[in-house]
Amino acid sequence: MNAIVALCHFCELHGPRTLFCTEVLHAPLPQGAGSGDSPGQGEQAEEEEGGIQMSGRGRAHSPAEGAGAEPGSAGPRKSDMCEGCRSLAAGHPGYISHDKETSIKYVSHQHPNHPQLFSIVRQACVRSLSCEVCPGREGPIFFGDEQHGFVFSHTFFIKDSLARGFQRWYSIIAIMMDRIYLISSWPFLLARVRAIIDELQGKALKVFEAEQFGCPQRAQRMNTAFTPFLHQRNGNAARSLTSLTSDDNLWACLHTSFAWLLKACGSRLTEKLLEGAPTEDTLVQMEKLADLEEESESWDNSETEEEEKAPVLPGGADGRELTKCPTDSSLLSDRGSWQPRKPTGFKSLRHMRQVLGAQSFRMLAWHVLMGNQVIWKSRDVDLVHSAFEVLRTMLPVGCVRIIPYSSQYEEAYRCNFLGLSPQVQVPAHVLSSEFAVVVEVHAAPRSTLLPAGHEDEQPLSKYEFVVTSGSPVAADRVGPPILNKIEAALTNQNLSVDVVDQCLFCLKEEWMNKVKVLFKFTKVDSRPKEDTQRLLSVLGAAEEDNVKLLKFWMTGLSKTYKSHLMSTVRSPMASEARS
Amino acid sequence: WRLHTSSLLPCTRAGGWSCSEFDLKETRLIVYQDCERRGRQVLFDSKAVQKVEEGAAQKAEDVPVKMSARCCQGSVGSGSVSSHGSSSGGSLPHAKEQLPKYQYTRPASDVNMLGEMMFGSVAMSYKGSTLKIHYIRSPPQLMISKVFSARMGSFCGSTNNFEYINQDPNLGKLNATQGKNEFFLSLLQACSSRLLQGVAEGGPLRLTRSASFFAAHSTPVDMPSRGQNEDRDSGIARSASLSSLLITPFPSPSSSTSSSSSYQRRWLRSQTTSLENGIVPRRSTDEMFSLAEETCSSNPAIVRRKKIAVSIIFSLCEKEEAQRNFQDFFFSHFPLFESHLNRLKSAIEKAMISCRKIAESTLRVQFYVSRLMEALGEFRGTISNLYSVPRIAEPVWLTMMSSTLEKTQLCQRFLKEFTLLIEQINKNQFFAALLTAVLTYHLAWVPTVMPVDHPPIKAFSEKRTSQSVNMLAKTHPYNPLWAQLGDLYGAIGSPVRLTRTVVVGKQKDLVQRILYVLTYFLRCSELQENQLTWRGARGESGQVVDGRQIVTALERGEVEESEYVVVTVRNEPALVPPILPAAAAERRSPGPAGFAETLEGTDGRAPGPTPDKEASKRPEQSVGPPELAADGAWQPQGVFCGAEGSKNEAPEGDALLLCPCEAPGAGMRAGQPAADEEARGELAKKGPDRSAARPCPDRHSWQKPAGERVTFHIGSSVSPESDFESRTRKMEERLRACGQHPKEAARDQQVSRCPSRPGPGDSARCPQTRSCRGTAGDPGRGFAEDRDVRTDAAAGAAAGGPGHAAGSLSPPDGAAATGRRAPETTVGLGLEDREGPLVEPGGNRAVQQDSGLPAAASVPRGDANRKAHIRTEGNIPRNESSDSALGDSDDDAGASAALDWSHSGDRTDGALEVELPLPRSQSISSQNVRNFGRSLLAGYCPTYMPDLVLHGTSSDEKLRQCLVADLLHTVHHPVLDEPIAEAVCIIADTDKWSVQVATSQRKVTDSTKLGQDVLVSSQVSSLLQSILQLYKLHLPADFCVMHLEDRLQEMYLKSKMLSEYLRGHTRVHVKELGVVLGIESNDLPLLTAIASTHSPYVAQILL
């Protein structure tokens, strides 16, 4: 709870005084934002702890601190204090408790060290004991304002055989800036604070009774002539609460109790807040990573890029797992934020489109989307690599199988992106197949092929790209809507690369959602053909290209998702939907 | 069309709060003023007002208030007064007739006391408004008060109206007539300060805060990207203040983008309400009670030293349960109460100002009183409605979230209703429009579809609770009630808009269906209530029975030197007994010797590199506050170490002293599994008895001169005396069986280690060494004695070397001993760890035992430990059975877990607080139903209600009357405790098939309309159609719901795309957006709103 709990006392000599005050210190930054599973463990927690020391402590900027080695008694000068208005002895450093799980610390001193808090607590104390009126004098009351904070206060008496009226007046206060929370905690605070007070009063009563038994003050006072300064003169006039309760550990006990109160009140209400399901791409990545880890093999793809692009994973178990394993960097870059470092490669789909020309690019893109095998033949490995990195952004992560550079032809079922050196022979049936597209990269005869003025394209201008396929996509063919949209996005120069990325991401997710439905419909529920046809038209994907695309993309669904669907369908409830 | 009504719709129940138990008519209003010069006067007390029926009026004349009654009777004319009628904003049933007549009686006798409570006994200089709540025990009443500084009518130069009052001849006369009726007098004073004169009929009452409010409210954050992007022509300039309302990313640690807006809001809340580094006043403090006219320039300098308090007193039912119900409601819904109180205050201000224009004093009073009574009536009605309104029994979203069991049925039920509505009431796109509006304004659904970036590997593909938010709640507690309220009102975008939805229609059934379906889209978090208990968490084998605990204390006799045992049986102690460090604190305080010692210890440590070395060596490990070590506290540890090495029961003794309630548990854990059962049984009894048998007066204590008691808290329900002997015997046998060797070894180890420690130049260790040496003989002695030593090891040992003759000193502090355990172990640990590498195999055992011990010791230290334990247990299977964190001998994990805990982050600090562990806690969670999610989603109500997030009603009559005022009020007195930019109400009328959005920002020009018609988003239409089609294709309901979520996620992604596009574009052409992004223009409002939850700058561009 973002609060300060304090014990206050109305001293007969000095008026309202703050006796003891427990504050809450939080870690400056919440830990493990993304992973709640493993708080307070490992290095990260350690750092957090360190962080607290450095910046979380209020004392760093406490002017009172400079006064000497008495952090606990900053505030009124000692001469203004009597036993009654002191809690911890001079020089006592105060108490601290750590809540390791939450990195929260509870610190108790007589006064807060922070000057602003000091005055806030002081003000609350004064109001609690000498301004605000509580019917019956003992009881709860709430008061406050935006400037001084809001206060829940419970006043009470403690028996003291030596005090005027045989009792002393105290209060326990809780100060918060959040009045809504403080007020909503009223019933809770009332019960807890009341219980603490009861115990204090009980202790004091025992002492009181014992003292009265030994030396009845009332009689004594009757006999003594009244002296105006009786209280001041009497050494016992201001007794500490410790002696009133005869509990030497009272302050430690109060610290623990207050800390506990703060903890309990702070965690009294918690929220259950749902967040969105991970996207398929995320799931697939996770699965791949898990597989990778299992095999404990590193993907030789491009480890160099890893450091740079690995998402900042919060600490904790999964975070560490992820970062530990040398991952295929590309796994983590599905969103297309990938920017090849190599100056020679393709920078983006748009770039590729410019380089290849709209026609060739469209053909290539169509094959990519349909899951046909895309073969790049080039001497330049980096170029091929960059091409694949760019092209893959059109597909769901699960649909991408890359063999970046091979010395021999690999079958389509093994990869949909295949890089080959120019010497490798691609089988004739593949070359003539409508399910494959080949991009041959030749050295350009002259650098006249590309329009001038594209300095950044210079490195590629030395190449000439020939895109061929068994079934060239007719230029006039409408094509799948997703391809058209991608093209539109690439064409429009008003759109930044980031927007295009977002756009791609949207489109992919949109189609993945259709894929999910189709999967559920055909694979899980095994519905008849005609129903499927209806479904496809509901999804707006009745055309041949779309169906083909959906079927291909279905292979990209995560295992998690598939098994989830499989398992739910088997549960008895699901099938009897509404019969 | 018609609806199938075949199925019973789970719709509404009578609210969770029943009004019958409680008469809100008793709600009392008191207005008081406190003048610096004249003191306090009651300006109004509803208890002193009685409504007079025409006929009965004469009768009422008799008793004490003849005069006043007559005054009213005679004076209430028609004409001038009633013409002021309807401006009060509320309904005025008698507007046409004469004002209802009221009779004044003397204010109730308690009014002075109440005044005292409202203002306090001492005047506060603070100028802003103060909020107070009092509980009055008998008769049970709850009073909320707000005290304002009054802003006087400095009315265009004329000064001191109030000062002249007493000299006003008219008034003098009146006063005379009224006699001692102080109430009346002050009332008149307040009201008559400005007599009818230059009647500038003002518009709606000026809200003093409105102008300066936003400006004065400076969010403690820098506003990024203002200025450059600000487009004056685009309408943003109009709301320059709005930009300060944008949810600005507080420097947030979250790397996760998921649910970022929820996360951000909560983080921001925790930061703005933080007390840690001083406070940030979040609101302007100039909320005042305005007695000035609208036309008056409000010059703050003119504020008089005068305060006005407005109090509402709720009489509580005598029946306890009813009382608790209302209290629960009141405290959990306080923001709403406060908002209505503010409204009441505004009405009072207005009444006071306008009644000045009435020259005739009795008329004026009559006018004033009736206005206030009206306002009070309104307040009562609203609160009463709020309390008793029918609620939707099972809001879909909340129910789905909380009950996983019936999820499928829930989905089916929901989908059935949903598709029914799509099919049947989407003529004219009614339903699509409604849903568009709801999705546009009640934005809390957005975070629930934002995809998680980094789910755990084995993530279920569905939604899960946000871990980051959960963690935040733990590390930086914020206010979940507030968060939920904001979610419900959809106030999570930027600028912040607060939205309500009303479905109007004569067909109750239809309206209810719509409401039901909407509760799926109106999302908020579910609240849980957690009860944290620190005791009895492990109620094993009856040590703690019925939450009772036996406390045994050695009390020092008052007269004689001996001590006696006090046994107390208690319920639920509220004071949590601390686990004290070894006398460090105590010792330090009294004696100069002790102090010196501390200093020495500190000195010894400070220059030493050890702490750092230690820290780097094992980060989580703790060496404990070093001065503890310096105190020689670890010496008893030596004793323990040895004991522990050999026996099972040692930890029991330890545990005994550790923590009252958990001691047995801890003890058991500490022991070897085999021995656990018996050990557990025994220790409870043995402990106290032994300590009783061997009080420690003579053992003692160079550390503390003061005399104290030994207090053992034992969680045992059985008498400590019972069968002690036999148990002891058994125990001893077992101990013997366990072999002495380890003990010997340990002892040797311990002894030999001590002298060896003083490494040359290792200053850091000096203190320990010193203390070690000082007590070197003691362990030996301890072992030489019989095992009893161990039992009261803590007492004896903590007290210092038993060998030291301490008889002369006062009896040792047992309570301290209780607490001392933990630090001892901590220290021991530190030592152990340090020693670890140095120790030869022979000593290893002892070392490890040693390290195990703290694991037990750590048990009571707080629930953070639970984690550590769980982990430990996971690692060391054999411990699982015994639930033991205390590993056997070589339980390194246990040790490290303990180390982990006792790590003191402040080690490097100069002045170190004494560390006290928190008790271990256990949390019992239950669903909290007293929250906004359950109370603000209402069913079909008899009339329009202002606060509800969602409700239905039969006609829009009252809505038309109140809406504008309600919206304005919402903006000016936001219930959310943060400034809001706009208040919105979605009105779906199923009779006219229209969906309109009314907002506080635009005035509707067309008087037939309540707001603007909603543009139907084609995204939403297509979503509805495809859900319907899928449903018709017999896809299972829960899959359809999943698909629905996917589609909502698509919308979110599109909004991402939009916001990305808008980044850098300060001017946007709608057409271009459409062409480029495939976003149709009718989608824009929706997508922009969604985007505003994650990209605040969008609002600046598009607003």
Side-chain angles (χ1 to χ4, degrees), chain A residues 26 29-30 33-34 36 46 49 71 89 93-97 100-102 116 131-133 135 142-143 145-147 177-178 181 183-184 186 195-196 199 249 252-253 256-257 260 264 266 269-276 278-279 286 290 312 318 499 502 506 513 538 560-561 564 573-574 577, chain B residues 116-117 120 122 130 132-133 253-256 258-259 273 278 281 283 285 331-332 334 408 448-452 454-457 461 463 466-472 474-477 479-480 525-526 528 532 574-576 578 589 619 815 864 905 911 913 916 918 1029 1036 1046 1053 1057 1060-1061:
Chain A
H26 302 96
L29 298 177
E46 176 60 18
E49 289 266 322
Y95 293 105
I96 187 166
S97 290
K100 187 75 181 177
E101 183 191 14
T102 58
Q116 204 180 1
C131 299
E132 301 302 335
V133 176
F142 170 94
F143 58 84
D145 53 67
E146 289 291 344
Q147 192 176 321
M177 290 313 290
D178 187 335
Y181 196 74
I183 291 173
S184 79
W186 170 298
I196 291 177
E199 289 193 31
N249 295 313
C253 184
T256 321
S257 306
W260 179 255
L269 286 179
T270 51
E271 277 188 296
K272 187 177 175 189
L273 186 71
L274 295 194
E275 55 192 6
T279 60
M286 293 295 157
V312 183
D318 34 346
V499 178
Q502 276 297 335
C506 279
N513 289 338
V538 167
T560 320
Y561 182 80
H564 170 58
M573 298 316 303
Chain B
E116 189 93 332
M117 285 157 64
V122 175
T130 302
K132 295 183 189 181
I133 301 174
S254 170
S255 61
S256 162
S258 61
S259 67
T273 59
R283 291 225 214 167
T285 45
F331 290 120
S332 59
F334 181 77
T408 314
T448 67
V449 300
M450 286 186 188
V452 200
H454 306 293
I457 286 192
S461 60
K463 294 179 193 301
S466 166
Q467 293 304 305
S468 49
V469 171
N470 281 354
M471 203 55 217
L472 181 73
K474 283 183 181 163
T475 58
H476 294 78
N479 181 348
S525 58
E526 177 72 308
Q528 275 196 327
L532 222 56
L575 280 174
V576 187
S589 34
E913 283 91 357
L916 296 176
L918 283 175
Q1029 296 305 323
D1046 284 342
L1053 294 175
M1057 181 163 77
E1060 194 57 59
Y1061 174 73

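Predicted, not measured: the structure shown is a model, and the values here were computed from it. All chains are named by letter (A, B, ...) in the order of the sequence lines, taking the proteins before the strands, and each is independently numbered beginning at 1.
A distance of 7.0 Å separates CD in B:Gln528 from NZ in A:Lys272, rounded to the nearest 0.5 Å. Note that the CG atom of A:Leu274 and the OG1 atom of B:Thr448 stand 7.0 Å from one another [nearest 0.5 Å]. Here the straight-line distance linking atom CD of A:Gln502 with atom CE of B:Met1057 works out to 8.0 Å at 0.5 Å rounding. The distance from the CE atom of B:Met471 to the OG1 atom of A:Thr102 is 7.0 Å, given to the nearest 0.5 Å.
Classification of the A:Phe142-B:Phe334 ring pair by plane angle, with boundaries at 30° and 60°, yields tilted.
Counting heavy atoms from C-beta on, the side chains of B:Pro477 and A:His26 come closer than 4.5 Å.
Here the closest heavy-atom approach between residue B:Ser332 and residue A:Ser184 is recorded as CA-CB, 4.3 Å. Nearest heavy-atom pair, A:Tyr95 versus B:Leu916, reported as atom, atom and distance to 0.1 Å: CD2-CD1, 3.2 Å. Between A:Glu271 and B:Pro480 the shortest heavy-atom distance is CG-CB, 3.5 Å. Closest heavy-atom contact between B:Pro451 and A:Thr279: CB-CG2, 3.5 Å. Between B:Glu116 and A:Val133, the closest heavy-atom pair is CG-CG2, 3.3 Å.
In this structure, chain A has a heavy atom under 4.5 Å from the side chain of B:Asn470, while its backbone stays farther away.
For the pair A:Asn513 (side chain) and B:Asp1046 (backbone), a donor-acceptor distance under 3.5 Å is present.
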